[in-house]
Amino acid sequence: MPLGRWAMWAVCAAALPWPVSTLDNGVVRLPPLGWNSWCSFGPCSTDICTESQVNDTLTAIVSNGMLALGYNYFTLDDCFAMRRDENGTMYPDPIRFPQGFVPLVQRAHSLGLKFGVYTSAGDYTCHAKKANCSGACNVGSLGHYEHDSATFASWGLDFVKMDWCSASVRELSCETQYGQMAAALNATGRPIALYMSCGGQGRGTMWAKNVSNVWRVGFDHLDCWDDGPCPLKVNYTSRGHGTKQAVAYLTGISKFAGPGGYNTPDFLKTGGESCTVAAIAGDLCPKQTLDEYITEYSVWAMASSPLLVSTDIRNLTAIQKTVLLNTEVIAIDQQPTAGDLVSKPLCLAPPPTASSGLASPPMTSGPAPQWYVAHNIDAMPSYPHEQPGVVHIYGPTPDGATCQLACGANMSCTIYEWSAKSGHCYWRLDGKWQPKPSELRESGCIVGRVAGCGSTGVGSCQVWAKPLIETAYPATTGWSSLSAHYAVALLNLGDNPAVVTANLSAIAPGAVHARDVWGNTTLAVPLTGVLRALVRPHATLLLRVWGGTSL
C-alpha cells in the first residue's frame, strides 16, 4: 500500500466493519496476551514440562506483574506426553503431572488466568517421534475430536492449540480438520479459543477465521533474527524461521484479522530460550539483541497478533522486563484493527555527523526532500563520479546549493556535483548513483528518480501504520479524545544504520503530536510533513502520532 494512500486507508478502517470471526464462540475479541511453555523449560523442542514447573510459573506470572498487564492466557505446548485410558479419555503423563490438569486449571482460574493445552490434528503430536513409549504417549486427537473436546471442557479449559503433526495428516485438509475440531469445541457449550497451527496454510485465506480464533501464518518461529546458521544450530534444516521472515509473513494480511480471529507468526521468543534441559529459572540464552527483540514485539503489536511469549518467565531477565512490561506497546497490540506495511522507503545513509548508535530520535520533519546530498568536505566517503559521454559541465557556481538549483531546473539533470577546489558545477545525465572516494566535493541526487540514490539497501527499510482507538485495555483510556490517532513503526531490517522516512502528512493534515513509545518520551515539538529518523540495524522506532490537542 503506497504511503500516500494512508488517508484513504484511515477512512476505510473507520467506515467498514471489522472482519469478525465466524467461528462464533464469543472469545478473543482482542488479541490474546499470555504465556506458552514451548521454549521455557529447555531449548526449543525439548518439549518436557512438569507440574512443579507449571505451578512455579503460575506463581511468577502474578508476582512479576505480567497478569496485571493483561497476560492472562496460560498455555502448555507439547510437553506433557498425553495418553489415553481404557475409555479413550486423555490424561497427561502421571509421572510429570501426578494430579492431572484439573487442580492446575482451578488454581489458574482462582488467580484470574485462562488455561490452555495442546493437541494434534493427527493421531500423534510432533514430539511423539522423539518419545520412547511404544506409541502409548503423545497421542493426538484424530478420530477423537468430540471426545477430546468434551474432556477439555470437563477440565475447564479456555484455550486449545491444535498442531498439524504425524504422517496421518498428509492426506487431510486443514480447513476440514480444524472446522471439525471447532464444531466439537463449540458443541460442549464452553467457550474455548482454538489456535490453529497448520504450517501457515491459513495465511491470507478467508476460511482460517471460520475455523479458529488464532491461526499461524508461517513456519515455527525460532529465537533467530534471520535464516542461516541460527536455525541450523537447533536442527532446523528448513527456512523461514527468523524474526525477519516473520515480518514478511505478517505483511499484507491485516484485512483478515478482527474481533474473534487474529493472524500470528507464532510465539514470541523474548529473552531467549532456556539454556539447558535443567531449566534453571532465569537461565536464558538469547540469540537476538535487544533491538531485535523490540522489533519482534513491535511488529507483532502492529499486526494485532497475539502476544504469547514462550520463554521462561519465572525470573524475568532485563531484556524480558524491558520488552514484556511496556503497557503502551501492549495497548497498540490490543486493537481490533490490525496494522500493516504501508511503505518501503529507500534506506538512506546516515548524515556524516550522525551517531550510528541511535535507534530513536534524532528525528526531523518538514517538506518532502527532493535531494539526497553527500558532502565530501564533511568526510562523506563517496560521491557519484563522472563517466565519459554523460557529464554536462554547467560552469562555475559560488557553492553547491546554486549548482543543485541549476540542475533541478533542468528535467534531464538528476545528479549534480560541485567542486570546492575549482568552483565548477557538473551535471550527470545518466541517472546512476556510483560512489567513488574524493575530497572537497559536494554531490546530490534526486530521490525516486535515481536508482540507489542515497540507499543502503532497497527493501530493508519499512514503514507500518495502524489506526488506534480506545478499547477495553486500560492503557488506552483517553485515546477516544485523540483525532487521527495512529501507531507508526519505522523498521530498519538491514545490517547498517539508516535514515528511514515516513510521510506523516498522509495521516493527519498539519502538525501531529508524537510519542516515542519504547523511549517513553513525548516530543516537545509537533512533527509536520515527512519524518526522517536514524534507526539502528534490525531496530524499530515505534511512535504514536495524533492530531489536535496533546494528551
Side-chain angles (χ1 to χ4, degrees), residues 6 9-21 26-34 65-73 112-114 193 213-214 250 254 257-264 268 270 294 297-309 321-340 342 464-489 504 507-508 512-523 526-527 540-551:
W6 279 9
W9 183 54
V11 171
C12 292
L16 296 178
W18 298 299
V20 178
S21 170
V27 299
V28 187
R29 311 317 291 170
L30 291 173
L33 306 171
M66 290 181 65
L67 176 59
L69 299 186
Y71 292 93
N72 64 345
Y73 276 88
L113 291 157
K114 301 178 186 296
N213 299 108
V214 178
L250 286 170
S254 57
Y262 294 92
N263 304 294
T264 182
L268 293 158
T270 310
I294 284 176
Y297 200 88
S298 297
V299 174
W300 263 244
M302 289 296 292
S304 289
S305 290
L307 300 180
L308 299 171
V309 59
K321 290 177 182 178
T322 297
V323 177
L324 299 177
L325 305 183
N326 189 312
T327 56
E328 195 169 3
V329 185
I330 298 173
I332 289 172
D333 174 78
Q334 293 295 285
Q335 298 289 319
T337 301
D340 215 324
V342 294
W464 288 57
K466 175 180 187 175
L468 300 177
I469 63 172
E470 189 168 328
T471 68
Y473 190 71
T476 66
T477 300
W479 286 10
S480 61
S481 65
L482 303 178
S483 63
H485 189 193
Y486 278 80
V488 180
L504 298 179
I507 300 177
V512 293
H513 303 281
R515 268 187 58 78
D516 174 1
V517 177
W518 287 108
N520 192 28
T521 303
T522 301
L523 275 64
L527 302 175
T540 295
L541 173 62
L542 181 61
L543 302 173
R544 282 176 48 225
V545 300
W546 63 92
T549 58
S550 181
L551 177 66

Using the side-chain hydrogen bond (donor to acceptor under 3.5 Å, both in side chains) criterion, which residues pair with [X]? Sequence neighbours excluded.
| X | result |
| --- | --- |
| Ser298 | Trp518 |
| Ser305 | none |
| Asp333 | none |

*asked:* Test your reading of the model: is there a side-chain donor-acceptor pair from Asn213 to the backbone of Gly260, 3.5 Å cut-off?
replied: yes
*Between Glu470 and Thr477, is there a donor-acceptor pair closer than 3.5 Å when you use the side chain of the first and the backbone of the second?*
no
*Can you tell which of Val299, Thr540, Val342, Leu542 makes a side-chain contact (heavy atoms from CB on, under 4.5 Å) with Trp464?*
Val299
*Out of curiosity, Leu468 CG to Gln335 CD, how far, rounded to the nearest 0.5 Å?*
5.0 Å
*Rounded distance (nearest 0.5 Å) linking atom OG1 of Thr522 with atom CG of Leu543*: 10.5 Å
*asked:* Holding to salt bridge (charged side-chain N to carboxylate O under 4.0 Å, His left out), I want the full list of residues that pass it with Glu328, two or more places apart in sequence or in another chain.
replied: Arg515, Arg544
_side chain to side chain donor-acceptor pair (under 3.5 Å) between Ser254 and Lys466, intermediate numbers included_ = CA-CA 10 Å; Ser254 57; Lys466 175 180 187 175; over 6 Å; no
*Results of side chain to side chain contact (heavy atoms under 4.5 Å, CB included) for Leu69 - residues two or more places apart only*: Tyr71, Leu325, Thr327, Ile330, Tyr473
*Return the set of residues passing ring pair (Phe, Tyr, Trp, His ring centres under 6.0 Å) with Tyr73 (not counting sequence neighbours), or none when no residue passes.*
Phe159
